[in-house]
Amino acid sequence: MSRLQPARGTADLLPDSMAKHRLVIEAARAASACYGFQEMATPIFEFSEVFSRPLGESSDIVTKENYSFADRGGEMLTLRPENTAGVVRAMISGGLTQSLPLKYFYAGPMFRYERPQKGRMRQFHQVGIEYLGPDDALADAEIIACGARFLAALGALDDCELHLNSLGDAQSRSAYRAALITYLESFVDQLSDDSKTRLAVNPLRILDSKDTGDRQILQNAPQLQDYLNDASKAHFADLTAALDAAGVSWVFDPLLVRGLDYYCHTAFEFVTTSLGAQGTVLGGGRYDGLAEMLGGPPVAGVGWAAGVERLAMLVETAKANSPKVAIITADDGARLAAFQLAEQLRDSGIEIDLPTSGAIGKKLKKAGKAGICVAVIIGSHELANNTVQLRNLEDGSQQEQPLDLADSNGLAAAIAKSLLAP
RNA sequence: GCGGGUGUAGCUCAGUUGGUUAGAGCGCCAGUUUGUGGCACUGGAGGUCGCCGGUUCAAAACCGGUCACUCGCCCCA
């Protein structure tokens, strides 16, 4: 137990949890397809610059939270910590800026070197969409509506609140940032230690500090929305009007920010109260500056990502797929015939479990527990008479059926019929 | 990276102020039933008490370290 563990922050997905994950991913896939997003995938690792360039080489994220390593050729590679940078890189490398707009859906594993918590693993899984090209606020509205539709399909939307804010365009942001720094510098002695360093490194993040002293100081801090220029105000008004028209409810959250420079305008999160401190279940925003930062032409973009693990915790139960029919041998004399029959029934599209060990009683018991509905019982006696016993494991009824190993269609039909019966 | 909590059977957990052979329920295996599951009864397997060290005549228990899990902080692209 102590010796053979999965590496820290990783977990096996055994069939029952895998079923929950698949349910989440398929809901996201269906919701995004509904809006015309097409599934694609980028590599699980990239040259480190893809992830470090938009963030700055010395930031905490790059130096402490990335899984980076040199390969045998000396290239610095990083396991992808999120997929937006990879998708934008793929757009640039593939020359797809000629085919805008692009609407992409993805699902897959991501990696961050962090202290694990509930719903926060070192290897985790995300689903997400990216809408590349348009700078229209209706694009923002569309991806948010898509996210809401996805959460609704999981039955999670009712427990979530959509938090919405505008960061404004680059001009608005830098005006606000300057004002905020000026204000906070006059309280620098009273700020928490964490926020003192944030003031130098990433002042906007002080807005969502959890320190009560910081929150006190923030009461009278300049407000982001007062620094939005007309174009930024118009974008936000356009977005909220579209959400209202679509019946997507939202709350204005002036403290919801993104620290990185390539973000602009819309920032949003769907937050649930049922998951402790890790309450954000789906989050995203507009990142018009990212493509240029990665060395491509300026291309507007907006998207979101959602953590599969966290959403899977909100899914009540999901039953792993398992066969409904088992072929059970009564004695070794029917081993080969049973194997042959199993293959023939699979040809007919029936999922067959063929247990190989244990007495007949054991096999029936296990089949019943595994949720198998019908057992085909075959032994030397049946083989000699060209029959099988068809046993309904739910009500215990049993009937004899003819066995013809040259043509099992009749038996397949009888099984299909008993599977349909209540 | 920082702080709190928790590590005993496959799972959920008992285990007295330190005391000699570490328990229960569920699950698993076998039998009662030599070819028919669920119920019942009977029996059985399964434990380096997370790991290393220390205190002690004696440690699952006390102390130190370490690892893992968990909650919060930092971070959250």
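Residue numbers begin at 1 in each chain, while the letters A, B, ... track the order of the sequences. Computed from a prediction, not measured in an experiment: that's the story for all the values here.
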Proximity of [X] and [Y] rings by center, below 6.0 Å:
X	Y	value
Tyr287(A)	Tyr262(A)	no
Tyr183(A)	Phe187(A)	yes
Tyr176(A)	Tyr227(A)	yes

Only pairs with both distances under 3.5 Å count, Watson-Crick or wobble alike; so what is the partner of [N] in this structure?
N	value
G35(B)	none
A58(B)	none
G44(B)	C28(B)
C69(B)	G5(B)
A22(B)	none

Work out how far the [atom1] atom of [N] is from that of [M], and round it to whole angstrom.
N	M	atom1	result
C63(B)	U55(B)	C1'	7 Å
G54(B)	C41(B)	P	49 Å
U16(B)	C11(B)	P	22 Å
C26(B)	G43(B)	P	14 Å
C29(B)	A9(B)	C1'	15 Å
C71(B)	G25(B)	C1'	29 Å
C57(B)	C51(B)	C1'	26 Å
C52(B)	A68(B)	C1'	15 Å

CZ of Arg149(A): more than 12 outside heavy atoms within 6.0 angstrom?
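Atom CZ in Arg149(A) is not crowded, with 12 or fewer foreign heavy atoms closer than 6.0 Å.
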
For Phe69(A), I'd like to know if atom CZ has over 12 heavy atoms of other residues, nucleotides or ligands within 6.0 Å.
yes

Would you call the rings of [X] and [Y] parallel, tilted or perpendicular, where under 30° means parallel and over 60° means perpendicular?
X	Y	result
Phe268(A)	Phe270(A)	perpendicular
His235(A)	His265(A)	parallel
Phe150(A)	Trp304(A)	parallel

Interface with RNA chain B, restricted to residues 362-375 of chain A and to heavy atoms under 4.0 Å
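Residues of residues 362-375 of chain A under 4.0 Å from RNA chain B: Lys362(A), Leu364(A), Lys365(A), Lys366(A), Gly368(A), Lys369(A).
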
Which residues in residues 169-176 of chain A have at least one heavy atom lying under 4.0 Å from any atom of RNA chain B?
none

Ignoring hydrogens and angles, does a donor from either the side chain of Arg115(A) or the base of G1(B) sit under 3.5 Å from an acceptor on the other?
no

For the side chain of Gln398(A) and the base of U36(B), is some donor closer than 3.5 Å to an acceptor across the two?
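Per atom types, the contact qualifies.
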
Counting C-beta onward and ignoring hydrogens, is there a side-chain heavy-atom pair between Leu354(A) and Phe339(A) closer than 4.5 Å?
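Yes, their side chains come closer than 4.5 Å.
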
Phosphate contact (C75(B) OP1 or OP2) by Arg198(A) side-chain N/O below 4.0 Å
yes

To the nearest angstrom, how far is [X] atom [atom1] from [N] atom [atom2]?
X	N	atom1	atom2	value
Asp395(A)	U36(B)	CG	C1'	14 Å
Lys64(A)	A77(B)	NZ	P	16 Å
Lys210(A)	C74(B)	NZ	C1'	9 Å
Arg258(A)	C75(B)	CZ	P	15 Å
Arg120(A)	G1(B)	CZ	C1'	12 Å
Glu82(A)	C76(B)	CD	P	13 Å
Ile360(A)	G37(B)	CD1	P	8 Å

Salt-bridge test for [X] and [Y]: reply yes if a basic N is under 4.0 Å from a carboxylate O, no otherwise.
X	Y	answer
Lys103(A)	Glu39(A)	no
Arg335(A)	Asp332(A)	no
Arg120(A)	Glu114(A)	yes

Among [options], which nucleotide has an atom closest to any side-chain atom of [X]?
X	options	answer
Arg391(A)	U36(B), C75(B), G35(B)	U36(B)
Arg205(A)	C73(B), C75(B), C76(B)	C76(B)
Glu382(A)	C76(B), G35(B), C69(B)	G35(B)
Gln117(A)	G35(B), C74(B), A77(B)	C74(B)

With nearest nucleotides of RNA chain B determined for Tyr263(A) and Ser397(A) from heavy-atom distances, which residue corresponds to the more 5′ nucleotide?
Ser397(A)

Give each protein N/O atom lying under 3.5 Å from an N/O atom of nucleotides 42-44 of chain B, with the pair distance.
none

Charged tip of Arg112(A) within 45° of Phe124(A) ring normal and under 6.0 Å
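Cation-pi check for Arg112(A) and Phe124(A): fails.
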
Salt bridge (Lys or Arg N to Asp or Glu O under 4.0 Å) between Glu46(A) and Arg89(A), worked out:
CA-CA 9 Å; Glu46(A) 301 264 0; Arg89(A) 193 234 80 225; 2.6 Å; yes

